[in-house]
Enquirer: 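First, the structure itself, so that you have it in front of you.
Note on naming: letters A, B, ... go to the chains in the order of the sequence lines (proteins, then strands), and numbering restarts at 1 for each one. Side chains included, hydrogens not; waters and symmetry mates left out as well; all remaining heavy atoms used.
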There are 2 protein chains.
Amino acid sequence: MNDDARSGCPINLALETLGDRWSLIVIRDIMFGNRRHYRELLGQSEEGIASNILADRLKKLVAKGLLTRTDDPSHKQKAFYNLTEPAIALVPLLAHMGAWGRRHLPTTPELAIRAQLLEEGGPPLWEDFMTELRHAHLGVALPAAHVPVLARLTAAYEAEVARQRPA
Amino acid sequence: MNDDARSGCPINLALETLGDRWSLIVIRDIMFGNRRHYRELLGQSEEGIASNILADRLKKLVAKGLLTRTDDPSHKQKAFYNLTEPAIALVPLLAHMGAWGRRHLPTTPELAIRAQLLEEGGPPLWEDFMTELRHAHLGVALPAAHVPVLARLTAAYEAEVARQRPA
DNA sequence: AAAACTGATTGCAAAATGCAAGTGCTATAA
DNA sequence: TTATAGCACTTGCATTTTGCAATCAGTTTT
């Protein structure tokens, strides 16, 4: 336990790292939206995150070991963000948070469909998703029999969006 | 979805309710520490929560339907707080958060033992715990075969405290 | 009567948030 | 070549939140 922490309780320590309005939103967007650049995260933010908050959170998440930042070869200033293993290990937490939100809060269907699929899939699906994230973000090899998770989540989202929109 | 929300995503909505430094700490203390009065929550807070923050969060959690507040017959001013079903349904989320904190952050053993037991017990233990919380906070009857969960968590905590303290 | 308890509230400074404009470098389009 | 767009921030400012510690006024206990 480091000296700045208010206690060594795991929940408290997790909240000292992630207990704010925006950090898990940033992780969500990288994880589920595959947004890897600052402009993508800023411009495509469903919640309209402020530029200074996004910059601040990205910096903090890198400092705390939840993200890594690398240069993108396509532009001298462009930064590329990857999730680390601790961030990937947040999948079950985010799945539970999504399930809880779906049940107890007034969600919209197109934004809730991914949470529904994760809840229905349960821990085996979360493990598959984490395996896929390790591949995409850490360069770990995928098993031969891997069934894509993120593509399935995204397809369900897009189908729901099309469903909500009259032709 | 109500008009103040930044989006209808379940994760976002959960974070609009609970995405701050202190709300889940308050719920944790009521849930695991069985602290049901303001002074208990304030005086026994491992993290030293500030009085105005505690008062503010209790009020907000009541307003959002996660806590109920009733008068305590022993003192005209004394308030008694109970978890609601949505708060009890946060057990898996808190269990995951604790497990994540134990694995990725520098926790102290006596404060991490409960998280360890919850992780080892998995969903069956969480269900038992939620059943017990429904009894304690909502007055729902306990099954005859119920094995106490909170008492076991507390005993493990106290054993760990005694273990860390030389005689 | 004095002290302790009750759930707050208050005064203040520091920190964080949110909006929108601005910065200086890099890449692309005209 | 010049103008425009893209890049990840940064900045100025007002508002809100946090955190510390003292205070409040009613209630109960000593």
Enquirer: Taking the side chain from A:Thr17 and the backbone from A:Leu13, do they hold a donor-acceptor pair closer than 3.5 Å?
Expert: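 It does hold such a pair.
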
Enquirer: Please determine whether side-chain contact (heavy atoms from CB on, under 4.5 Å) holds for the pair A:Asn34 and A:Thr154, giving the CA-CA distance in whole Å, both sets of side-chain angles, and the decisive distance to 0.1 Å.
Expert: CA-CA 10 Å; A:Asn34 203 33; A:Thr154 308; over 6 Å; no

Enquirer: At what angle, to 10 degrees, do the two end axes of the helix from C:dA1-D:dT30 to C:dA30-D:dT1 meet, given five pairs define each axis?
Expert: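 Answer rounded to 10°: the end axes differ by 0°.
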
Enquirer: What does nucleotides 2-12 of chain C look like as a protein-contact string, B for base, S for sugar-phosphate only, - for none, at under 4.0 angstrom between heavy atoms?
Expert: ---BBBBBB--

Enquirer: Please enumerate all residues that pass side-chain contact (heavy atoms from CB on, under 4.5 Å) together with A:His104, with sequence neighbours excluded.
Expert: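 Checked A:His104 against side-chain contact (heavy atoms from CB on, under 4.5 Å); matches are A:Trp100, B:Pro86, B:Ala89.
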
Enquirer: In whole angstroms, how far is the C1' atom of C:dA16 from the CD1 atom of A:Ile53?
Expert: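 Distance check: A:Ile53 CD1 to C:dA16 C1' gives 7 Å.
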
Enquirer: To the nearest 0.5 Å, what is the distance between CG on A:Asn12 and CG on B:Leu111?
Expert: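 Answer for the CG-CG pair, A:Asn12 versus B:Leu111, is 9.0 Å.
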
Enquirer: Closer than 3.5 angstrom, by distance alone: can the side chain of B:Thr107 be matched with the main-chain N or O of A:Pro10 as a donor-acceptor pair?
Expert: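 Pair absent, no side-chain N/O of B:Thr107 close to backbone of A:Pro10.
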
Enquirer: With DNA chain C as reference, determine whether A:Lys76 or A:Arg57 sits nearer its 5' end, using the nearest nucleotide of each.
Expert: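 Comparing both residues, the 5'-ward one is A:Arg57.
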
Enquirer: I need the CZ-P distance between B:Arg21 and C:dA15, as an integer number of Å.
Expert: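 Going from CZ in B:Arg21 over to P in C:dA15 covers 16 Å.
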
Enquirer: What integer distance in Å separates A:Leu54:CG from C:dT17:P?
Expert: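 In whole Å, C:dT17 P and A:Leu54 CG are 13 Å from each other.
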
Enquirer: B:Asp20 CG to C:dT17 P: how many Å, rounded?
Expert: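 Computing the B:Asp20:CG to C:dT17:P distance gives 11 Å.
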
Enquirer: Determine yes or no for a side-chain-to-main-chain donor-acceptor pair under 3.5 angstrom, with A:Trp22 supplying the side chain and A:Leu54 the backbone.
Expert: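 Between the backbone of A:Leu54 and the side chain of A:Trp22 there is no qualifying donor-acceptor contact (under 3.5 Å).
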
Enquirer: Which atom pairs, one a donor and one an acceptor, fall under 3.5 Å between side chains of residues 137-148 of chain B and the rest of the protein, sequence neighbours left out?
Expert:
unit_1: B:His137; atom_1: ND1; unit_2: B:Arg36; atom_2: NH2; d: 3.3
unit_1: B:His137; atom_1: ND1; unit_2: B:Leu83; atom_2: N; d: 2.9
unit_1: B:His146; atom_1: NE2; unit_2: B:Glu132; atom_2: OE1; d: 2.6

Enquirer: Between A:Arg28 and A:Glu47, is there a side-chain N and carboxylate O pair less than 4.0 Å apart?
Expert: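 Yes, this pair counts.
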
Enquirer: Do A:Phe80 and A:His37 have ring centroids that are under 6.0 Å from one another?
Expert: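 When the ring centroids of A:His37 and A:Phe80 are compared, they turn out to be within the sub-6.0 Å range.
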
Enquirer: Going by the salt bridge (Lys or Arg N to Asp or Glu O under 4.0 Å) test, which pairs reach into residues 80-103 of chain A, not counting sequence neighbours?
Expert: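 As it turns out, the salt bridge (Lys or Arg N to Asp or Glu O under 4.0 Å) pairs with a partner in residues 80-103 of chain A, which skip direct neighbours, are A:Glu85-A:Arg134, A:Arg102-A:Glu119, A:Arg103-A:Glu119.
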
Enquirer: First and last nucleotide of DNA chain D touching chain A, 5' to 3', heavy-atom cut-off 4.0 Å?
Expert: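 Listing 5' to 3', DNA chain D meets chain A from D:dG6 to D:dC20.
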
Enquirer: How many angstroms lie between NE2 in B:His96 and CE in A:Met97, if you round to the nearest 0.5 Å?
Expert: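 Going from the NE2 atom of B:His96 to the CE atom of A:Met97 covers 11.5 Å.
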
